Amino acid sequence: MKSYKIILVLRIAVAIILIQTLRFKFTAHPDSVYIFETVGLEPYGRIGIGTLELIAGILLLIPKTIWAGALLTMGLIGGAILMHLTELGIEVKGDGGVLFYTAIITFLLSTIILYYYRKDIPIIGKKLSF
C-alpha cells in the first residue's frame, strides 16, 4: 500500500510538470517559440507536442491508462532530451539547465511509473512478471 501512495505522488508530479508547461506552448511564449524554431518545429510541433503532453498528463491520472501515459511521457520527454543534447544544448536562453534537468527527472519518474504498472500493458504486460 505504501508503494502505491508513492507511485500516486509520482503520477501527480509528472502530470503537473507536463500540464504546467502547456501555458508556454499554447500561448506562444517567446522562450517556447525560440526552442521550437531552433529545432525546426515551430509552430505545428509546439502545438502538437503540447497537445500530446496534455493527453499524457490526463492518461497518467486515469487508473486504466497509467501505463499509456507513462509510456507517452517517456517518448515525448525522451525526444526533448535528445533535442537538448543535439540541437539546443543543456542551457537554453540562460535557464541554467532547468528545462533539461526537469526533462531528465520527468523521464526517470515516468520510467518508474511504467515499471510499476508494466503488468497493465495490453498483450505483453502479463509476460513482464519479473
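Everything numeric in this text was worked out from a predicted model, so none of it was measured.
The hydrophobic cluster of Val98 has no other members, since no ILVMFWY side-chain heavy atom comes under 4.5 Å of it. With a 4.5 Å cut-off between side-chain heavy atoms of Ile, Leu, Val, Met, Phe, Trp and Tyr, the cluster of Leu41 takes in Tyr34, Ile35, Phe36, Val39, Ile49, Leu52, Ile55, Leu59, Leu72, Leu76, Met83, Leu88, Val92, Leu99.
The list of salt bridge (charged side-chain N to carboxylate O under 4.0 Å, His left out) pairs with a residue in residues 81-91, not counting sequence neighbours, is empty. Applying the salt bridge (charged side-chain N to carboxylate O under 4.0 Å, His left out) definition to pairs two or more places apart or across chains, none involves residues 61-79. Pairs engaging residues 35-48 under the side-chain hydrogen bond (donor to acceptor under 3.5 Å, both in side chains) rule: Glu42-Arg46 [sequence neighbours left out]. Listed by first then second residue, pairs satisfying ring-ring contact (aromatic ring centres under 6.0 Å, His included) with a partner in residues 48-89 read His84-Phe100, not counting sequence neighbours.
Contact record, Lys25 with Gly50: CD-CA, 3.6 Å, taken as the closest heavy-atom pair.
Follow the hydrophobic side-chain contacts under 4.5 Å out from Leu114 and you reach Ile112 in the same cluster. At a threshold of 4.5 Å between side-chain heavy atoms, the hydrophobic network of Ile, Leu, Val, Met, Phe, Trp and Tyr places Ile17 and Ile113 in two separate groups. Cluster annotation: Ile58 is not connected to Leu18 through the hydrophobic network of ILVMFWY side chains, with a link wherever side-chain heavy atoms come within less than 4.5 Å. Taken together through direct or relayed side-chain contacts under 4.5 Å among Ile, Leu, Val, Met, Phe, Trp and Tyr, Leu109 and Ile121 form part of one hydrophobic cluster. Under the 4.5 Å side-chain heavy-atom criterion for grouping Ile, Leu, Val, Met, Phe, Trp and Tyr, Ile47 is not connected to Val33 through any hydrophobic cluster.
The line from CE of Met74 to OG1 of Thr106 is 12.0 Å long, rounded to the nearest 0.5 Å. Atom OG1 in Thr102 sits 8.5 Å away from atom CG in Asp95 (nearest 0.5 Å).
Every residue two or more places apart in sequence or in another chain that forms a salt bridge (charged side-chain N to carboxylate O under 4.0 Å, His left out) with Asp31 is listed here: Lys93. Take Ala103 and apply the side chain to side chain contact (heavy atoms under 4.5 Å, CB included) test, not counting sequence neighbours, and it matches Ile77, Ile81. With sequence neighbours excluded, the residues satisfying side chain to side chain contact (heavy atoms under 4.5 Å, CB included) with Phe24 are Gln20, His29, Ser32. With sequence neighbours left out, Phe26 forms a ring-ring contact (aromatic ring centres under 6.0 Å, His included) with no residue at all.
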Side chains of residues 2-15: which donor-acceptor partners sit under 3.5 Å, not counting sequence neighbours?
from: Arg11; atom 1: NE; to: Leu60; atom 2: O; distance (Å): 2.8
from: Arg11; atom 1: NH2; to: Leu60; atom 2: O; distance (Å): 3.2

